[in-house]
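In what follows, every chain begins at residue 1, and chains take the letters A, B, ... in the order their sequences are listed.
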Amino acid sequence: MKRLFLLALLFVLISVAGTAFGAFLCMMGWDLTVLVAGETMSFFSLDFFWRGVIYSFPLVSLLALLMLIFYQIRHPAKPMPLVIAYGVFGLLLWLVLFPLCAKAELLASRGIVEAEPLTTDLFRQRDGIVYYFSKVNDDGSTLGLSIDLYGKESAAGEVKELSDFYVNSLRVGIPYADPIIEEAVRFPPILQVPLSSYMLLFKKGVSAWDGGFFKWLQYAAFGLAMLSLCSVQFFTAWRLLNVFLVLLSSILLTTLNVLGYSGKLALQILNPVVWKMQAAGITDPIIFCLNILIFIALTIAGFILYRVREAENEAGESIV
Amino acid sequence: MKKNLLIMGVYFSLTFAICLVISLVEKNVPELLPGKSGSYVFVRGLLYFLNILPAVVCSGFLISESINFATVSEKAKLKFSPAIISQFKQIMIASICMVLVLTLSKEIFIPVLSARQRSAQEAPRRVSEYVILGQGQYLKGNYELAHEYARTALTIEPRNEQALRLIDETEAVLQRMVERPQKAPVDRSRELQWEELAGETVTTLIEKSKAASEKEDWFGAHYYAEMATKISTFRDVNVGEAKLLASAAWNRLSIPDVMATSEEQQLYLDKKDAYTILMAGDNLDAYYTFLDIKNASQLGASDLDVKRYLGIAESRLMRECFFSEETVNMKRFETFRNVYFTICHDSGARDVIFIEGITPVQETGDRLTYLRGFNMYSYDENGDLLRRVKTPYAKMKVTALSTFSFQAKENFGIKDSFKEVPTLLLKSIGKENRDLVDGPEYWFSDKLDAADRLEQNFLVLPISFENYNLACEAAMGADKMSLPSLLKINSHAGEFGFSEEIYGVALVRRMLYPLIMLIILILLASIAWNYRLKSGQLFKFSWVFLLPLCAVIFYFLFEILFFIADLVYYALIGFSGNLVLLLTLAGGGALLVWFCANFLNRTGD
């Protein structure tokens with residue numbers, strides 16, 4: 001009972017603190033998209049923070065569940081309290097809290113924050129051309145110059161005085177109000193994939209919730225598969241390696257779901273079955289089936305491996 | 001400890017080998033000079049390895065410590081036990097060493113190797129550029145220049161056939177041109193120092209004029225007397241004597257002695273014409289006229305007066321312009337490319353500077369710099385363009401503040417706090433070729449008075465030399481600046497046209513990197529302890545194959561961590577401004593102490 005309480009406390013603490021931190025980071029990220037270099041940054045935006053909570057809570061709470069497994073690996077004990085905590089929190093997340101997030105996302109306001117006009121006297125580089133505005137008028141027209149560093153539009157190194165140039169043309173095609181901020185923030189390209197994958201799953205979840213409870217249950221099969229990761233802690237006798245394996249298998253499972261929901265797991269040979277299942281109301285049959293299969297396979301493997309580890313430990317103790 | 005080193009050594013070697021194999025298998029090797037692809041692929045593999053080094057180091061450290069702690073944990077029965085303190089000491093030393101290597105890799109090795117790769121990629125283009133330039137100059141008849149370009153191409157690619165051919169062709173032509181009669185022996189007693197008026201007074205110049213008269217060196221007598229009159233003030237009592245001496249010498253110059261040959265007579269007349277031009281102040285024409293005399297005959301080449309006044313004309317000319325030939329090789333040695341910055345005036349007006357390439361040269365103690373493609377746009381406080389000047393090449397010297405008068409400082413906008421300022425010569429001329437002239441192009445706004453529309457061949461930048469260097473570095477980007485420079489520019493970046501927040505974040509990011517890595521390593525030591533191998537448990541060989549996956553996970557975690565750290569730094573800069581570095585260092589220090597205490601708190605239970 002004490003352990004169950006400890007696990008519950010750990011989960012709540014990580015979820016709350018992690019969501020607050022995640023929401024703060026999201027807010028910062030969105031603040032930067034409207035920030036203009038040289039202007040004072042106004043940090044706290046309730047709108048951005050709330051949206052940050054909606055976006056970060058699912059990820060953080062899933063990570064919190066993984067942390068429970070790590071805790072169990074660190075402090076080995078009978079797995080029942082973990083299984084109970086894991087199951088209860090899993091059900092709570094997938095049947096109550098995630099649907100609430102999806103609902104909140106559908107209802108969240110999307111007020112557009114107008115960015116300030118670009119500031120003068122700073123160099124801004126965009127696609128190999130450096131811009132310097134000596135004056136920015138109220139209508140967005142500018143005075144200043146541009147330097148073609150690598151000969152993209154004219155000779156390399158050619159300096160041109162700006163005429164009929166509007167600041168907004170520097171904002172086209174970038175998610176930031178100021179190219180300086182875009183250059184400085186430099187979202188690591190390697191993180192684009194995980195982020196877009198997460199956003200894909202998040203949006204799929206929201207649309208599943210929007211499509212009715214049955215569709216949501218199909219989507220929640222992903223949660224079921226995630227719950228079965230609990231079994232991975234018994235894969236090897238080295239605790240550190242088990243931690244890595246839990247992390248790795250959660251990444252693989254997420255990747256599999258991303259591939260499934262983006263239609264990259266389609267197999268022609270399975271088409272007749274897929275069509276039949278779709279006719280029965282299962283929208284993404286392949287990934288649904290895979291999630292269920294993974295759940296079953298890992299749960300069985302978990303039971304077996306737990307017995308093996310227990311036998312190994314008993315053997316070890318008897319030798320000692 | 002030995003076991004740890006062995007595990008990490010094997011792990012590092014394997015990872016490095018994998019990086020090399022990836023670089024080898026990867027097909028997109030750019031066009032390189034012949035024989036360079038091997039080193040390019042090797043350095044690329046090395047760069048891959050260095051880029052993932054933090055992940056490799058951390059995962060290796062975690063794994064090796066996790067194995068190592070299996071044997072130690074039994075001795076640590078209590079918190080802060082001697083066994084754990086001894087482990088902590090070892091971990092601290094190892095962590096500091098690893099942090100040092102990681103920081104050196106990030107600050108030195110990666111930038112240097114990346115620059116090497118860029119240079120290797122650019123080499124074929126640069127060789128072909130120099131060959132084309134050389135061939136162009138050859139066709140124009142500038143054989144020395146053509147030879148220089150070919151030589152430069154060969155320094156990059158010693159076996160380039162076109163460059164070798166151009167060398168042969170230019171050398172053949174130059175050989176024919178150089179075949180001249182031997183020079184006659186010269187009387188060195190009459191040679192003069194060419195440094196004009198260095199430490200001279202009116203009296204000493206008059207004395208020198210008299211001495212020259214006694215030797216019947218009438219050019220010298222006139223020259224010194226003229227110089228004496230030029231530097232004298234109206235109160236100087238000796239000015240009359242100087243004028244008399246100059247007049248007497250000029251009279252003697254106008255009635256030449258009987259010449260031995262007609263060639264000597266012609267030389268004398270040519271010399272006098274050239275000397276007259278020099279005295280009239282047209283240094284450019286005087287230089288070329290004396291040069292023509294020198295090149296016309298062996299007599300002219302060996303004539304002392306020609307040598308002397310050609311030197312004087314050249315030294316005067318070098319205060320107004322420089323020789324184009326000086327810039328031939330400069331592009332190859334450019335230390336900065338595409339440099340842009342602003343110079344901020346007290347009034348709020350700004351000068352925008354853009355330089356395509358910068359080559360610093362150390363010449364007889366002078367700090368000279370050649371600026372390729374120099375552009376300066378001056379805007380008033382309302383942002384309207386007042387003046388524009390551009391020149392293909394400028395030669396920059398560093399001038400001490402003491403050499404400027406109060407009025408000059410006012411005119412050029414030089415502040416008393418500057419120690420040295422950059423002064424630029426904007427015009428270049430051919431050393432031998434009169435037609436080779438590249439001067440500045442000016443444009444002025446109607447807002448400027450006629451007095452302010454001076455089209456000068458020189459320019460004094462109203463910025464201290466120290467700040468000029470700082471601005472050049474800053475233009476390369478905050479991540480490429482040296483740390484001391486980044487510290488200096490912190491909170492002043494706006495004066496140079498760069499965002500203060502971005503340079504602030506870069507400074508914090510780079511200053512905190514070693515501390516963050518140290519914190520991570522100490523935290524990893526605690527994790528390794530928590531998830532260590534059980535006492536007596538054997539390490540299974542099959543586990544080895546899973547270890548590289550740990551490095552991959554760490555790589556992702558670091559990318560996320562450092563991105564999050566950047567966002568936090570932005571927030572902190574917004575809150576605390578320039579105090580951000582102190583705040584983050586204090587926060588990081590506190591975190592380190594906490595993690596150290598956390599590790600020492602471990603027990604084997």
- When only pairs under 4.5 Å are counted, which of A:Leu145, A:Thr120, A:Leu247, A:Ile180 shares the most heavy-atom pairs with chain B? A:Leu145
- Query: Taking all non-hydrogen atoms of both residues, which atom of B:Phe354 and which atom of A:Gly157 are closest, and how far apart?
  - Reply: CE2-O, 3.4 Å
Could you give the side-chain donor-acceptor pairs of residues 28-37 of chain A under 3.5 Å, partners two or more places apart or in another chain?
from: A:Thr33; atom 1: OG1; to: A:Trp30; atom 2: O; distance (Å): 2.5

- Mind checking salt bridge (Lys or Arg N to Asp or Glu O under 4.0 Å) for B:Arg372 and listing every partner two or more places apart, or none if nothing turns up? B:Glu334, B:Glu356
- Message: Please rank B:Gly477, B:Ala571, B:Ser499, B:Gly373 by heavy-atom pairs under 4.5 Å with chain A and give me the top one.
- Response: B:Ala571
- Is B:Tyr377 close to A:Ser134 at the side-chain level, that is, under 4.5 Å between some pair of heavy atoms? no
- Query: How would you list, by chain and number, every residue that makes a side-chain contact (heavy atoms from CB on, under 4.5 Å) with B:Leu62, sequence neighbours excluded?
  - Reply: A:Leu240, A:Phe244, B:Leu524, B:Ile527, B:Ala528, B:Phe554
- Contacting moiety of B:Tyr340, where chain A heavy atoms sit under 4.5 Å: both
- Note on the structure: Honestly, the part of A:Ile147 sitting under 4.5 Å from a heavy atom of chain B is side chain
- Query: If we only count heavy atoms from C-beta on, is the B:Thr342 to A:Asp121 side-chain gap below 4.5 Å?
  - Reply: no
- Let me know if B:Ile573 has heavy atoms under 4.5 Å from chain A in its side chain, its backbone, both or neither. neither
- Task: Against chain B, label A:Glu158 side chain, backbone, both or neither, depending on which of its atoms sit under 4.5 Å from a heavy atom there.
- Result: neither
- Note on the structure: Among B:Ile560, B:Asp566, B:Val505, the residue with the most heavy-atom pairs under 4.5 Å to chain A is B:Ile560
- Item | Proximity breakdown for A:Leu191 and chain B, heavy-atom pairs closer than 4.5 Å | side chain
- Closest approach of A:Phe70 and B:Tyr531, non-hydrogen atoms and distance? O-OH, 3.0 Å
- Portion of A:Val130 that has a non-hydrogen atom of chain B nearer than 4.5 angstrom: side chain
- Side chain, backbone, both or neither: which part of B:Asn530 has an atom under 4.5 Å from a heavy atom of chain A? both
- Item | Option in A:Ile181, A:Ile251, A:Leu143, A:Leu241 with maximal non-hydrogen atom pairs under 4.5 Å from chain B | A:Leu241
- Within residues 385-392 of chain B, contacts to chain A at heavy-atom distances under 4.5 Å involve B:Leu385, B:Arg388, B:Lys390
- Item | Region of B:Leu567 in contact with chain A, defined by heavy-atom distances below 4.5 Å | both
- Item | Interatomic distance, B:Asn382 atom CG to A:Lys135 atom NZ [nearest 0.5 angstrom] | 6.0 Å
- Query: Does some side-chain heavy atom of B:Ile564 sit less than 4.5 Å from a side-chain heavy atom of A:Phe21?
  - Reply: yes
- Task: Can you measure from CD1 (A:Ile190) to CZ (B:Phe563) and round to the nearest 0.5 angstrom?
- Result: 14.0 Å
- In terms of heavy-atom proximity below 4.5 Å to chain B, should A:Leu149 be classed as side chain, backbone, both, or neither? both
- Atom CG of A:Leu122 and atom CD1 of B:Ile502: how far apart are they, to the nearest 0.5 Å? 8.5 Å
- Message: So for B:Phe496, is it side chain, backbone, both, or neither that comes closer than 4.5 Å to the heavy atoms of chain A?
- Response: backbone
- Pairwise distance OH(A:Tyr150) to CG(B:Asn338) - rounded to 0.5 angstrom: 5.5 Å
- Give, as side chain, backbone, both or neither, the part of A:Ala156 having an atom under 4.5 angstrom from any heavy atom of chain B. backbone
- Is it true that atom CG of A:Asp139 has more than 12 heavy atoms of other residues, nucleotides or ligands lying nearer than 6.0 Å? yes
- Query: If you count heavy-atom pairs under 4.5 Å between each of B:Val568, B:Val552, B:Asp479 and chain A, which one has the most?
  - Reply: B:Asp479
- Query: Would you find more than 12 non-hydrogen atoms of other residues, nucleotides or ligands less than 6.0 Å from B:Met476 atom CE?
  - Reply: yes
